[in-house]
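Given the structure is predicted, the values throughout are model-derived calculations rather than measurements.
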Amino acid sequence: METKVWKVDPQFPDPKAISEAAEIIRQGGLIAFPTETVYGLGANALDENAVLKIFAAKERPPWDPLIVHICDLTMLEHLVDEPPENFHKLAELFMPGPLTVVMWKKANVPDTVTAGLPTVAVRMPNHNVALALIKASGVPIAAPSANKFGRPSPTTAEHVMYDLAGRIDGILDAGPTQVGVESTVLDLTKIPPVILRPGGVSKEALEKVLGEVLVATKPLEVETGLPSPGMMPRHYAPSVPVILTDGNPSELTAAIEILKSQGYDPKQIGVLMPSGWLTGVEGIVTFDWGSWGNWDELAQKLFDGIRWLEVQKISVIVAPLPPPIGLGLAIRDRLTKAAAPKDEFSSGGEKSNHKCQGKTR
Ligand code: TXA
Ligand code: MG
């Protein structure tokens with residue numbers, strides 16, 4: 001199939017493009033669209049056959065549930081009977097915004113959307129194109145990130161086309177996304193609530209509203225049954241191995257020197273390089289990641305950097321790990337999963353068999 005591309009203004013999208021894309025959603029097709037976090041791959045959440053096409057296009061396993069996107073709170077009536085009390089406080093502050101809330105689902109939400117779980121994940125994206133598309137479609141839109149399963153998420157339309165061209169009906173291209181890492185997934189069926197995936201809304205911000213919030217660290221902590229892929233050891237992985245170091249220039253340099261001593265030519269080594277950091281190693285391939293300490297900027301450029309490096313004919317990517325502060329927590333999560341070795345829970349990428357001794361991790 002040919003994938004139609006509509007170039008649209010992120011603030012004021014052309015109504016004709018939106019109505020053409022919405023018509024495809026209503027007819028059961030697949031449209032990729034921008035949100036403030038990453039691009040999503042959307043289908044009518046209430047149409048089981050349309051939702052199945054998402055899994056086929058992404059090569060996503062059926063046990064991995066999808067987020068359902070809404071444009072206003074009245075759409076919730078399709079999805080949940082009665083949101084819990086603390087939902088309304090969250091909605092006031094973070095909807096629209098990069099927060100996904102897991103709640104008990106209504107029976108009419110197809111099992112394909114929730115992978116058979118009794119819960120549904122709901123989010124109102126903070127992007128005019130996404131909101132206009134959902135509104136014009138008149139239905140909630142199920143949308144995972146618009147990448148092949150296990151690959152780094154797409155933050156530009158070009159990233160989407162790289163993974164999914166010819167597999168989807170169309171894409172609304174509104175340029176790069178702002179936040180750059182996916183939404184925070186918060187399970188509100190638990191007391192205290194549990195962050196299943198750190199993301200665009202920080203734990204600190206949630207705790208101001210909710211009091212204590214836990215962060216799930218292992219798949220076993222998801223008691224709903226199946227592992228949540230946001231929690232899988234390996235995910236977001238490029239086609240080359242990723243090596244992580246502590247977050248300072250000397251540790252980064254030490255890791256690069258170890259790779260050289262293992263026989264890597266510098267031009268095979270790609271680095272997510274914070275602005276102004278120097279390693280003194282000539283000839284390595286660097287992506288200018290942004291200012292260390294500005295975690296918002298680093299989050300925005302993270303997946304673009306990984307995807308850019310992987311097509312530079314390098315053999316390994318090295319990156320320093322930010323501290324778990326603000327969006328630093330989400331960046332750490334994505335990088336750690338991109339670097340995890342391939343095993344039975346894994347998805348995407350090549351086997352990561354490089355172990356640096358000593359100070360790298
Ligand atoms: O920012 C985002 O969240 C993007 C944009 C497109 O909205 N979407 C996204 O979707 O990242 P996806 O499918 O790549 O990740 C959704 C995450 C997965 O980790 C999935 O397991 C979890 O949400 N999830 C979905 N429904 C769930 C449920 N009922 N219970 C627990 N986890 C759920
Ligand atoms: Mg994803």
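Residues V215 and L90 fall within the same hydrophobic cluster, defined by Ile, Leu, Val, Met, Phe, Trp and Tyr side chains chained together at heavy-atom separations under 4.5 Å. Cluster membership for I284 and V311, using ILVMFWY side-chain heavy atoms within less than 4.5 angstrom, is not shared. By the criterion of side-chain heavy atoms lying less than 4.5 angstrom apart, applied directly or through intervening Ile, Leu, Val, Met, Phe, Trp or Tyr residues, L329 is not grouped with V38; the two fall into different hydrophobic clusters. Cluster annotation: L321 and F303 are assigned to the same hydrophobic cluster (Ile/Leu/Val/Met/Phe/Trp/Tyr, side-chain heavy-atom contacts under 4.5 Å, transitive). Under the 4.5 Å side-chain contact rule for hydrophobic residues, L73 and V109 share a cluster.
Between R123 and E36 a salt bridge is recorded (basic side-chain N to carboxylate O distance below 4.0 Å). With salt bridges taken as basic N to acidic carboxylate O contacts below 4.0 Å, none links E310 and R307. A salt bridge is absent between R197 and D187; no separation between the charged side-chain nitrogens and carboxylate oxygens falls under 4.0 Å. Ion pairing between a basic and an acidic side chain is recognised when a charged N comes within 4.0 Å of a carboxylate O; E20 and K16 show such pairing.
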(Q) Checking K301 against D304 for the salt bridge (charged side-chain N to carboxylate O under 4.0 Å, His left out) test, could you report, in this order, the C-alpha distance in whole Å, the side-chain angles of both residues, the deciding distance, and whether it holds? (A) CA-CA 5 Å; K301 292 167 86 174; D304 192 39; over 6 Å; no
Q: Applying side chain to side chain contact (heavy atoms under 4.5 Å, CB included), run through N108 and L46 and close with a yes or a no.
A: CA-CA 8 Å; N108 64 311; L46 305 175; 4.3 Å; yes
Q. How far apart are the C-alpha atoms of L309 and I314, what are their side-chain angles, what is the distance that settles it, and do they pass the side chain to side chain contact (heavy atoms under 4.5 Å, CB included) test?
A. CA-CA 7 Å; L309 284 172; I314 48 133; 4.2 Å; yes
**Q.** side chain to side chain contact (heavy atoms under 4.5 Å, CB included) between V101 and M95, intermediate numbers included
**A.** CA-CA 10 Å; V101 178; M95 293 196 175; 3.8 Å; yes
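In this structure, the side chains of V68 and H78 stay at 4.5 Å or more apart for every pair of heavy atoms. Put simply, the side chain of V139 reaches to within 4.5 Å of the side chain of I25, judged on heavy atoms. Residues F55 and P144 have side chains not in contact (no heavy-atom distance under 4.5 Å, counting atoms from C-beta outward).
Note that OG1 of T245 and CG of L252 are 5.0 Å apart. Values are rounded to the nearest 0.5 Å.
The side-chain contact (heavy atoms from CB on, under 4.5 Å) test with L244 is passed by exactly one of V318, T336, L272, I317: T336. For the side-chain contact (heavy atoms from CB on, under 4.5 Å) criterion with V281, the lone passing option out of T286, L259, I256, I269 is I256.
Between the K58 side chain and the S145 main chain, a donor and an acceptor come within less than 3.5 Å of each other. Put simply, the side chain of R26 gets close to the backbone of A136: a donor and an acceptor are under 3.5 Å apart. Side chain of K106 to main chain of E77: a donor-acceptor pair is present (N/O by atom type, distance under 3.5 Å, no hydrogens or angles). Under a 3.5 Å cut-off, the side chain of D72 and the backbone N or O of M75 do form a donor-acceptor pair. With hydrogens and angles disregarded, no donor-acceptor distance shorter than 3.5 Å links the side chain of E251 to the backbone of G247. The closest donor-acceptor contact from the side chain of S291 to the backbone of N294 lies at 3.5 Å or more, if one exists at all. Judged by distance alone, with hydrogens and angles left aside, the side-chain atoms of S275 form a donor-acceptor pair with the main-chain N or O of G290 at under 3.5 Å.
Between the side chains of S315 and Q268, at least one donor-acceptor pair of N or O atoms lies under 3.5 Å.
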Side-chain atoms of residues 168-182: list all donor-acceptor pairs with protein atoms under 3.5 Å, sequence neighbours left out, distances to 0.1 Å.
residue, atom, partner, partner atom, Å
D169, OD2, L30, N, 2.7
D173, OD1, G175, N, 3.0
D173, OD2, K7, NZ, 3.0
T177, OG1, T37, O, 2.8
E182, OE1, R334, NE, 2.7
E182, OE1, R334, NH2, 3.1
E182, OE2, S153, OG, 2.4

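For K313, there are no salt bridge (charged side-chain N to carboxylate O under 4.0 Å, His left out) partners, not counting sequence neighbours.
Residues H235 and F149 place their aromatic rings such that the two centres sit under 6.0 Å apart.
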